[in-house]
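Just so we're clear, the structure is a prediction, and the values are computed from it rather than from any experiment. Atoms within each ligand, like the ligands themselves, are counted from 1 in listed order. Only this structure's heavy atoms are used, side chains among them; waters, hydrogens and symmetry mates stay out. For the single chain, residues carry numbers from 1 onward in sequence order.
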Amino acid sequence: EDELHRRISVAKSKLGRKLVILGHHYQREEVIKFADFLGDSYGLSKIASEQKEADFIVFCGVHFMAEAAKILARPNQRVFHPDLTAGCPMADMAELDDVETAWIELAKITDIKKVIPIAYMNTTAELKAFCGANGGLICTSSNAQSAFDWAFARGEKIFFFPDEHLGRNTARKKGIEREKISIWNNVACHCEPEKGEAISRTQLNSEDCFAPLAMTKILLWPGFCHVHTYFTAMHVKEARKKYPDCKIIVHPECREDVVLASDENASTEGICKFVAAAPQGATIVVGTEINLVSRLVHENPDKNVVPLARSLCPNMFKISLQDICWMVESLAKGEYVNEVIVPNDVSKSARIALDRMLTV
Ligand code: 13P
Ligand code: SF4
């Protein structure tokens, strides 16, 4: 590890201001040490869009984040990802073909001009482009409510993908009644029974919601994050029993019952701020990825920070010091490995959707 530290430092100083390393909050501690900027997925996309001097941006996070940085970076800037296999299973739950099929089916049963697509940042560049091309925008967990406002100023229904839980939790915060929220498959089956079979290929992973399309305001894609759906209301109950005076904060990718049983929910950056603002001696139970919770434990020795349960994102964990060393040493030698490429046409439409988010 000492040798890796030394070699990364040497390569980094050789590259100087030509290189910027961005790190998501879920990265391992040893990786974060080398990040010039640390943040949530919204903050890092904004930072990527503001880099003026850097020729190279190395993104330590999962692939969709590096793609978003590439789309938002200047045309001459090159973006690299230390491990191209570090993807996000939730992002892969909404494939372009399936979303396009749903859109076409939806257009047959409702006025599609009044439907605004919103893609969570956790999507491929192609889906971001789909949103840009169809009058929609991107959101992250830190600006989803504003994105909903933006959409309702322009349409009557929101088609939100891929995270059912963030969609549902945001809709509730906006005061949208439960009966007006539906899973896409259910709406389709209800409105056009004969078409139900063809479009219900995506697996239904949630209970009830079965609203007639006319009254539906939010159409949700049935995607989920396995790291956050691991947390249950029972974990929250047990934490309250063990720490009666605690505050519990979770990420809005958690199931609705977990969010409702907790005191707060926020993006990763929001969780960091919540813990930092808590009084000395407070017990804060945190329901999100374990590497972030571990860091919060070390950074807040005057508080009792406790994980709601241990849940690790195996993809975020893939990025190692060895990867960073290989990456920066290659760049210092003028070798471009693991470059993130987004085709121009995709990038152009995806940028429209991302810019709308940044404006909102
Ligand atoms: P944030 O936008 O809160 O950083 O979340 C990203 C993510 O992937 C959470 O699982
Ligand atoms: Fe994807 Fe979940 Fe990992 Fe976030 S924590 S990158 S949503 S799998």
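Once rounded to the nearest 0.5 Å, the distance linking OG1 of T268 with CG of L292 reads 6.5 Å. Atom SG of residue C225 and atom CZ of residue R255 lie 10.5 Å apart, to the nearest 0.5 angstrom. Between atom OG1 of residue T216 and atom CD1 of residue I176 there is a gap of 11.0 Å, rounded to the nearest 0.5 Å.
At a threshold of 4.0 Å, the pair E238-K242 does not count as salt-bridged, since none of the basic side-chain nitrogens sits closer than that to a carboxylate oxygen. Checked for salt-bridge contact, K273 and D40 miss the test: no charged N lies under 4.0 Å from a carboxylate O. A salt bridge is defined here as a Lys NZ or Arg NE, NH1 or NH2 lying under 4.0 Å from an Asp or Glu carboxylate O, and E329 with R7 meets this definition.
When each atom of ligand 2 is checked for a heavy atom of V62 under 4.0 Å away, the hits are 6 (S). Residue contact check: Y26 has heavy atoms under 4.0 Å from atoms 5 (S) of ligand 2.
A donor-acceptor pair under 3.5 Å links the side-chain atoms of D163 to the main chain of L166, judged by distance alone. In terms of modelled atom types and a separation under 3.5 Å, the side chain of R356 and the main chain of A147 share no donor-acceptor contact.
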Please give the N or O to N or O pairs under 3.5 Å between ligand 1 and the protein, distances rounded to 0.1 Å.
unit_1   : atom_1 : unit_2 : atom_2 : d
ligand 1 : 2 (O)  : S41    : N      : 3.3
ligand 1 : 2 (O)  : S41    : OG     : 2.5
ligand 1 : 3 (O)  : S141   : OG     : 3.1
ligand 1 : 3 (O)  : H251   : NE2    : 2.8
ligand 1 : 3 (O)  : T268   : N      : 2.8
ligand 1 : 3 (O)  : T268   : OG1    : 3.4
ligand 1 : 4 (O)  : H24    : NE2    : 2.6
ligand 1 : 4 (O)  : S41    : N      : 3.1
ligand 1 : 4 (O)  : T268   : OG1    : 2.7
ligand 1 : 5 (O)  : H251   : NE2    : 3.4
ligand 1 : 8 (O)  : N122   : ND2    : 3.3
ligand 1 : 10 (O) : E253   : OE1    : 2.9
ligand 1 : 10 (O) : E253   : OE2    : 3.2

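Atom 2 (Fe) of ligand 2 has C225 SG as protein N, O or S atoms under 2.8 Å away.
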**Prompt:** Stepwise, does the side chain to side chain donor-acceptor pair (under 3.5 Å) test hold for D323 with S320?
**Reply:** CA-CA 5 Å; D323 294 326; S320 66; 3.2 Å; yes
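Around atom CG of D2, no more than 12 heavy atoms belonging to other residues, nucleotides or ligands sit under 6.0 Å away.
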